[in-house]
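Every chain is numbered from 1 and lettered A, B, ... according to where its sequence line falls, protein lines coming before strand lines. Heavy atoms only: backbone and side chains are in, while hydrogens, waters and symmetry mates are out. Keep in mind the model is a prediction, meaning the values are calculated, not measured.
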There are 2 protein chains.
Amino acid sequence: MLKYKVIADDIRSKIQAGEYAAEALLPDQVALALHYEVSRMTVKKAIDILAMEGLVYRKRGMGTRVLKNALWNQNDSLALDYQGLTAQMKGTAITNDIIEFNIQFPDEALQNLLMIGANEAVYYVHRVRNVDGKPYVMEYTYFVASLVHDLTPAILEQSIYDYIKADIGLVIGGAYRKIHADVASDDDCQYLACEATTPVLEVEQVVYQKNGTPFEYSRSRNRFDTRSYTITDIIKD
Amino acid sequence: MLKYKVIADDIRSKIQAGEYAAEALLPDQVALALHYEVSRMTVKKAIDILAMEGLVYRKRGMGTRVLKNALWNQNDSLALDYQGLTAQMKGTAITNDIIEFNIQFPDEALQNLLMIGANEAVYYVHRVRNVDGKPYVMEYTYFVASLVHDLTPAILEQSIYDYIKADIGLVIGGAYRKIHADVASDDDCQYLACEATTPVLEVEQVVYQKNGTPFEYSRSRNRFDTRSYTITDIIKD
DNA sequence: GAGTGGTCTAGACCACCGG
DNA sequence: CGGTGGTCTAGACCACTCA
């Protein structure tokens with residue numbers, strides 16, 4: 001087990017347990033290095049992690065302080081999320097209408113986005129997801145077939161992400177997302193109960209495995225009044 | 001200047017210039033350390049930054065590769081950005097039309113967002129920012145007057161963020177942002193050359209100092225076809 | 001001035017990948 | 001096996017803050 005991770009986990013749990021109270025100073029890096037019997041660089045790396053998580057903030061000459069992070073973790077956040085809608089909206093009834101589902105070959109744009117060749121097949125899924133019976137989001141999704149294998153309509157009607165994570169065991173490493181507004185398309189009008197003049201929020205994303213291989217490209221469209229994305233960002237020094 | 005930052009900037013510019021092509025291997029860390037005449041740890045820290053920016057991807061035993069999509073977002077605004085439009089759009093002519101500017105007391109919602117009391121004054125700025133003479137974004141901004149002091153119309157016509165960072169010396173610690181689509185308002189129609197049916201992208205944000213104190217709340221509105229936001233998110237272990 | 005965190009070094013060992 | 005990146009060390013110097 002990595003030392004800096006062990007130390008970060010230990011300090012984090014002490015913060016959560018209240019052993020290091022909000023606004024309190026942590027022991028300095030030299031003391032922590034002695035305590036954990038590691039070098040100071042390793043302690044610093046552990047604290048870097050906590051700082052990136054927004055638990056702690058540091059200032060030269062002043063020490064390292066526990067942040068009252070009640071501010072930051074008001075979890076209505078969506079922008080950085082990999083649980084999928086099913087987990088996000090638990091407690092509500094989510095159903096999926098599959099409009100189209102097939103296997104095809106990617107055009108050039110998609111080849112670039114997913115870093116695949118022209119003859120590497122992709123699944124194409126067009127579905128509408130309903131929350132409590134009402135249309136909520138329309139998604140156009142492409143999965144690299146060799147990675148997300150054996151996709152079936154039965155899976156699509158439930159949670160794709162549960163299947164990807166639990167059954168395939170694929171580990172998500174990150175995502176690239178682009179958010180913009182758009183005018184309603186014909187599909188939007190038909191499936192999201194839009195007028196032609198209704199603004200739509202679209203999120204494009206490419207999702208990567210831990211090893212950097214992309215496995216999904218999707219566009220998700222919502223009516224302007226049903227969804228917003230939040231981002232909490234803490235600058236590292 | 002910090003060595004690892006200089007190196008990261010240098011490599012980034014070489015990627016953008018095509019000197020390191022997409023999918024190409026970077027020189028290994030030992031070679032880079034020799035070339036920049038620094039230790040390998042310092043090179044690694046520089047590459048850490050590029051990896052966090054999503055420009056580069058590494059694997060043990062395989063080297064460091066430039067990601068194919070490293071360049072696909074050059075024209076979008078980063079969702080995580082604090083340079084302000086003036087720095088973001090350098091090379092273009094930015095002018096600011098001030099529509100309204102005054103000092104006022106915050107309503108209850110604003111008191112909560114900025115964590116201030118009812119009798120702590122705020123500056124209110126309503127301005128339209130033009131890029132190359134054409135209206136680009138309309139902003140409604142509130143600054144905590146005790147933190148962003150001595151704001152004047154002359155400053156507003158240029159870059160507020162330059163003033164905040166260089167003159168006041170306020171250190172930005174992070175931001176909370178919400179992105180959503182909206183229908184055009186009367187102001188949008190008047191100042192952004194919108195029709196009543198034009199979709200608008202709005203970004204609300206609260207910007208915090210390093211010590212956690214909020215100093216700005218703003219809403220920025222763009223026509224749907226003039227701006228999009230991108231987020232690169234890499235999950236840490 | 002004493003103490004803090006930030007950077008940097010020169011070297012070491014390890015885990016992983018390819019041939 | 002050789003070469004890659006990941007981790008870790010022991011120590012050094014610097015920038016900053018506070019008394």
Side-chain angles (χ1 to χ4, degrees), chain A residues 1-11 20 23-67 171 173-174 209-213 234-237, chain B residues 1-11 20 23-67 165 169-171 173 209-213 234-237:
Chain A
M1 194 45 112
L2 304 178
K3 289 191 188 178
Y4 67 83
K5 191 170 187 318
V6 171
I7 296 170
D9 289 345
D10 188 58
I11 296 177
Y20 297 138
E23 294 293 272
L25 270 176
L26 251 53
D28 66 87
Q29 295 182 353
V30 177
L32 289 171
L34 282 171
H35 175 251
Y36 291 108
E37 295 178 314
V38 296
S39 78
R40 200 186 129 217
M41 285 288 285
T42 305
V43 165
K44 185 183 171 296
K45 193 158 182 182
I47 296 179
D48 283 345
I49 294 174
L50 301 176
M52 263 191 285
E53 292 172 352
L55 287 172
V56 124
Y57 94 93
R58 298 166 288 179
K59 208 165 180 184
R60 263 197 186 113
M62 288 189 54
T64 302
R65 226 168 250 288
V66 178
L67 270 174
V171 181
Q209 281 182 266
K210 203 86 198 165
N211 67 9
T213 316
I234 295 166
I235 296 178
K236 303 165 288 293
D237 292 284
Chain B
M1 197 37 113
L2 305 178
K3 291 192 188 178
Y4 67 84
K5 191 168 188 316
V6 171
I7 296 170
D9 290 345
D10 188 58
I11 296 177
Y20 296 138
E23 294 289 275
L25 271 176
L26 252 51
D28 65 87
Q29 295 181 354
V30 176
L32 289 171
L34 282 171
H35 173 252
Y36 291 107
E37 296 179 310
V38 296
S39 78
R40 200 185 130 218
M41 285 288 286
T42 305
V43 164
K44 183 181 171 297
K45 195 158 180 182
I47 295 179
D48 283 345
I49 293 174
L50 300 176
M52 262 189 285
E53 292 172 352
L55 286 172
V56 123
Y57 148 75
R58 299 166 286 179
K59 208 166 178 184
R60 262 197 186 113
M62 289 190 53
T64 303
R65 233 170 242 290
V66 178
L67 275 173
K165 289 198 274 199
L170 201 149
V171 181
Q209 283 181 265
K210 204 87 196 164
N211 66 8
T213 315
I234 295 167
I235 298 177
K236 298 166 288 292
D237 296 282

* May I have all residue pairs that pass salt bridge (Lys or Arg N to Asp or Glu O under 4.0 Å) and include part of residues 32-45 of chain B, sequence neighbours excluded? => B:K44-B:D48
* Looking only at side-chain N and O atoms, does A:T42 come under 4.0 Å of OP1 or OP2 in D:dT9? -> yes
* Asked: B:I47 near the nucleic acid: base, sugar-phosphate alone, or nothing, with a heavy-atom cut-off under 4.0 Å?
  -> nothing
* Mind checking what makes side-chain contact (heavy atoms from CB on, under 4.5 Å) contact with B:A24, not counting sequence neighbours? -> B:A21
* Asked: Mind checking what makes side-chain contact (heavy atoms from CB on, under 4.5 Å) contact with B:M41, not counting sequence neighbours?
  -> A:M41, B:S39
All N/O contacts under 3.5 Å from nucleotides 13-16 of chain C to the protein, with atom names and distances to one decimal?
none

* Asked: Base, sugar-phosphate, or nothing: which does B:V38 touch, judged by heavy atoms less than 4.0 Å apart?
  -> sugar-phosphate
* To do: May I have the distance from B:M1 (atom CE) to C:dT7 (atom C1'), rounded to whole angstrom?
  => 14 Å
* Structure fact -> Sorted by chain and residue number, the side-chain contact (heavy atoms from CB on, under 4.5 Å) partners of A:L2 (sequence neighbours excluded) come out as A:Y4, A:K5
* Check whether any side-chain N or O of B:Q29 sits under 4.0 Å from OP1 or OP2 of D:dG3, and answer yes or no. => no
* To do: Rounded to the nearest angstrom, tell me the gap between atom CD1 in A:I49 and atom C1' in D:dG6.
  => 13 Å
* **Partners passing side-chain hydrogen bond (donor to acceptor under 3.5 Å, both in side chains) against A:Y36 (at least two apart in sequence or in another chain)** => A:D10
* **A:K45 side-chain N/O to D:dC8 phosphate OP1/OP2 under 4.0 Å** => no
* Asked: What's the CZ-P distance between A:R65 and C:dT4, to the nearest Å?
  -> 13 Å
* **N or O in side chain of B:R58 less than 4.0 angstrom from D:dT4 OP1/OP2** => no
* Asked: What is the nucleic acid contact for B:K3, judged by heavy atoms within less than 4.0 Å: base, sugar-phosphate only, or nothing?
  -> sugar-phosphate
* Under 4.0 Å: is that the gap between some side-chain N or O of B:S39 and OP1 or OP2 of C:dG11? -> no
* **Degree of bending in the helix from C:dG1-D:dC18 to C:dG18-D:dC1 once both end axes are built from five pairs, to 10°** => 10°
